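These notes concern the structure reproduced below.
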Amino acid sequence: MITAKLRNMSIKQKLTVIIMLTSSVITLLAVTVFTVWAVFDFRRHLVSDIQTHAGIIANNCTASLAFSDKKDAKQVLSALRAEDSIAFACIYDKQGRVFVEYQRGDITEKIQPPKCQKDNFAFENGYLSLFKQIYLDGEIIGTVYLRDDMSALYDELVRDIAVAIGTLVFLLLIAYLLSSKLQKAVSGPILNLAEVAKEVSEKKDYSTRAIKQTNDEVGLLINAFNEMLEQIQQRDLELVDAKEQLEIRVQQRTSELQAAQKKLIKTARQVGMAETATDVLHNVGNVLNSVSVTTASIRKRVHDSKVSYLTEVVGLLEEHADDLSTFMTTEERGRKLPAFLANLSQELITEQERSLEALEMLTKHVEHMAEIIQLQQSYSKTTSMVESASVVELVEDAIRINTEALTRHGVEVKREFADMPPALLDHHKVLQILINLISNAKYALSDSGRDDRILTICVKEPQGGHFRIEVHDNGIGITEENFTRIFKHGFTTKKHGYGFGLHSAAIAAKEMNGSLTAHSDGSGKGTIFTLELPFQTQEAVK
Amino acid sequence: MKNKVYILVILILFAALFATPAMAADSKLNREQQIKAAFIYNFIKFVDWPKEKIADSNDITIGIIGKNPFGNAFEAVKGKEIKNNKLVIKYFPQLEQYKAKHKDEYKDEYKDKYQGALKKCYILFICSSEKEHLKEIINFIKGSSVLTIGDMDGFLAAGGVIKFTMEEKKVRFEINVTAAKRAKLKIRSQLLRLAKRVVEEKPPEDKKK
C-alpha cells in the first residue's frame with residue numbers, strides 16, 4: 001500500500017517521505033530501545049538500591065532483633081522516610097512474625113504486611129517487593145521486607161518519554177529541514193530533466209537540451225537524454241525532408257497516374273470504340289460485299305441489256321423511213337420486225353424487272369449499311385445514355401449489325417425471348433457488349449468447323465431485380481487454362497484482336513452494376529456468356 | 001571431662017531444685033530470666049574480645065556465679081557454635097558457699113584456681129546472691145577481659161559492664177563503657193544504641209586514686 005502511494009508521488013515527495021520515514025522509524029526505534037533499556041536499567045538499579053536499603057536495615061536492626069527492641073527497630077525503619085518511593089517496610093522476627101512495620105506518611109490506608117519469605121524480590125501490581133533475611137553471626141534472626149511503589153520509575157519514564165517525544169519531534173524537524181535542503185541534490189537534476197522532457201514532448205521542440213548539473217547517474221541520464229534528443233532532432237529533420245520529398249514524389253506520381261488514367265480511359269474508350277467500330281465496319285464490309293456483288297450483276301445486266309437491239313431496230317427503221325410500209329411488208333427483215341420487237345419488249349420488261357429487283361436489293365443493302373452506321377453513330381456517343389428501351393429490340397439491333405457476317409459464316413440464329421417490359425438501360429454499353437459477344441460467338445463457331453453452327457440468344461425474365469441475356473454457341477468453347485484470362489485486358493485468341501473486347505465488355509457490365517460471366521464445359525463444348533443487368537423500368541424510377 | 005559433666009548435672013539438678021518452685025510460682029519471672037539468658041547469649045555477638053583472650057581459650061564460656069536464676073534456660077544454647085567457637089556454660093557456686101566449703105584450705109593456691117576459672121570466662125553473670133561479694137568478684141577477674149553482667153543495684157558503680165533493668169515490663173540494659181574499656185572489650189555501637197543508659201562509671205579503686 002505504501003509502495004502504491006509512493007508510486008504516485010513526485011520524486012521530491014518520495015525523497016522527503018523516504019528520509020522522514022527512515023529517520024522517524026530509526027529515531028522511534030532508538031527511543032523505544034532506550035526506553036525499554038531505561039526501564040530495565042531502572043529496575044535493575046531499583047532492585048540493587050532496595051537491596052542495599054534492605055541490607056542497611058538488616059544490619060542496623062540485628063541488635064534490635066537480638067534484643068527484641070521494637071523501639072530501636074522502628075527507629076531503624078523510620079530512616080526510610082528519606083526514601084520517597086518506599087511505601088511500606090517491615091521486619092519479621094526469626095519465627096516470621098511481624099516485629100515492626102513502617103508505612104509512608106502519605107498513605108492513609110493500612111497496608112497489610114505480606115507473609116514472610118526468604119531472600120526474594122518480585123515486580124507485582126506496579127511495585128517492587130523485596131525480602132531480605134537478617135543474619136547475625138551466620139544465623140537468620142529475621143527478615144526485612146521493603147515495598148517500592150516505583151513512582152520514581154513512572155516519573156522518570158514519563159519524563160523520559162516526554163524528552164524522547166520532544167527529541168523525536170526536534171530530530172524530525174531537523175531531518176525535514178535537512179532532507180528538503182539535501183534532496184535537491186538528487187531531485188533537482190531529475191526535476192529539471194523531467195521539466196525539459198515535458199517541454200520537449202509538449203512543444204515537440206527537439207532542439208531543447210537538459211543542463212547537466214551533476215556527475216552521477218542522473219548526469220549520465222541527462223547526457224543520454226540529450227544525445228537521444230540530438231538523434232531525434234536529426235531523425236526528425238531527415239524525416240521532414242523525406243516527407244517533403246515524398247510529398248513531391250507522391251504529387252508527381254499522382255499527376256502522372258492521373259494523366260495515365262486519363263490517357264488510359266481515353267485509349268480504352270477509343271479502343272472500345274475501335275473494336276466496336278471494327279465489328280461494325282466488318283458488318284458494313286459484309287454488306288458492302290453484297291452491294292458490290294449486286295452492283296456487278298446489275299452492271300452485267302445493264303451491259304448485256306437487249307436495249308442495243310432496240311437501237312438496231314431504230315436504225316433499220318430510219319433506213320427504211322421512205323418506204324417503211326414496203327419494208328415492213330416486203331422485206332424479210334421488215335416482216336419479222338414486229339415479232340422481234342414484241343420479243344424484245346418482253347425481254348426488256350423482264351430485264352427491267354430483274355434490274356429493279358437488283359436495284360431493290362442494292363437499295364436494301366445500302367439501307368442496311370446506312371442502318372448499321374446510323375446505329376453505330378447513335379450508340380457510339382461518349383456520354384452514356386440511359387433510356388427506356390425494349391431489351392428484345394436491342395438484341396435484334398445487335399443481331400442485325402452482325403447479320404451479314406453471321407450469314408456468311410453460315411450461323412443459324414435462334415431466339416428465345418421472354419416477354420419483358422421496356423427497361424432502363426445504357427443502350428450503347430449493352431449494344432457494345434452484345435455485338436462483342438455475338439462477334440465472339442461467330443468466331444467461336446467459325447473456328448469450330450462444324451456444320452451445325454447455332455447461336456442462341458436468350459432474354460430471360462427478370463428475377464430479383466435482375467434480368468439476363470445469354471449468348472450460347474456450340475463453338476470451340478473455352479479451355480480451362482484460358483478461362484481465367486478471357487476477361488483480362490490484352491488477352492485474345494483472335495488473329496487480329498486487341499484482347500480488349502471482353503475486358504471492356506466486363507467493365508461496361510460492371511459500370512451498369514451488372515456482371516458478365518462466361519461458362520464453358522471445355523474445349524469444343526460451346527460457351528455461354530451471361531450478361532446480368534439490374535432491371536429497372538421507367539415507371540419504377542418515376 | 002566426665003567429672004565435669006557429673007558436676008554439671010548435679011549443679012543443674014541443684015539449680016532445678018531451687019528453680020522449680022519459682023517457675024511454678026511465677027512463669028513471668030521465668031520468662032524474664034529466659035529473655036535475660038537470651039540477651040546474655042546475644043551479647044556475645046555484639047562484643048569483641050581482645051585477641052589475647054581468644055588465643056587463650058577456644059571455648060566461649062559463659063560463667064554464672066551465685067544462685068542461678070536462669071534455671072535450664074541456657075541448656076538450649078549449650079554447646080552451640082558461636083563466633084566459630086563452642087559455647088560453654090559454667091556455673092560457679094556462691095562465693096560465700098565456696099569460701100565456707102573450702103574454709104580450711106582457703107589459701108592462695110586455691111584462690112588462684114577459683115580465680116583462674118573465673119578469669120577464663122568471656123561473660124560472667126554475677127547473680128544477685130553475690131551482692132556482698134560483688135567487688136571481690138570483679139576484682140578477681142580484673143584485667144582478663146571478662147564481660148560482667150548483673151542485675152543488682154549499684155552493679156555498674158561497682159565496676160560491672162552491663163546491668164539488666166526492667167522498663168515497662170521489658171528487659172533492658174545499661175552499659176558502663178569505662179568498665180568495658182578497662183576490660184579491653186569493644187562494645188559495638190548497635191548494642192550501645194540499644195542500651196537504656198550508657199554510663200562512664202569509674203570503679204571505686206580508680207576513684208580512690
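Keep in mind that the numbers below use all heavy atoms, side chains included, and drop hydrogens, waters and symmetry copies. Per chain, numbering begins at 1; letters A, B, ... match sequence-line order. Remember, predicted model here, so these are calculated numbers, not experimental data.
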Sidechain N-carboxylate O distance under 4.0 Å for B:K83, A:D137: no

Other residues, nucleotides, ligands: >12 heavy atoms within 6.0 Å of A:E124 CD: yes

N/O donor-acceptor pair under 3.5 Å between B:R193 side chain and A:N60 backbone: yes

Interchain contact, B:K80 with chain A, by part (heavy-atom threshold 4.5 Å): side chain

Chain A contact via B:I82 - side chain, backbone, both or neither, heavy atoms under 4.5 Å: both

Part of A:E139 within contact of chain B (heavy atom distance under 4.5 Å): side chain

Minimal non-hydrogen separation, B:F39 against A:S68, with atom names: CE1-OG, 4.2 Å

Heavy atoms from other residues, nucleotides or ligands near NZ of B:K120 exceed 12 (cutoff 6.0 Å): no

B:L191 side, atom CG; A:F67 side, atom CZ - distance, nearest 0.5 Å: 5.0 Å

A:K110 atom NZ: more than 12 heavy-atom contacts under 6.0 Å: yes

Part of B:R188 within contact of chain A (heavy atom distance under 4.5 Å): neither

A:K14 atom NZ: more than 12 heavy-atom contacts under 6.0 Å: yes

Proximity breakdown for B:F46 and chain A, heavy-atom pairs closer than 4.5 Å: side chain

Minimum side-chain heavy-atom gap A:C61-B:Q190 below 4.5 Å: no

Part of B:F43 within contact of chain A (heavy atom distance under 4.5 Å): both

Over 12 foreign heavy atoms within 6.0 Å of CZ, A:F121: no

More than 12 heavy atoms of other groups within 6.0 Å of A:F123 CZ: yes

salt_bridge(A:D69, B:K170) N-O dist < 4.0 Å: no

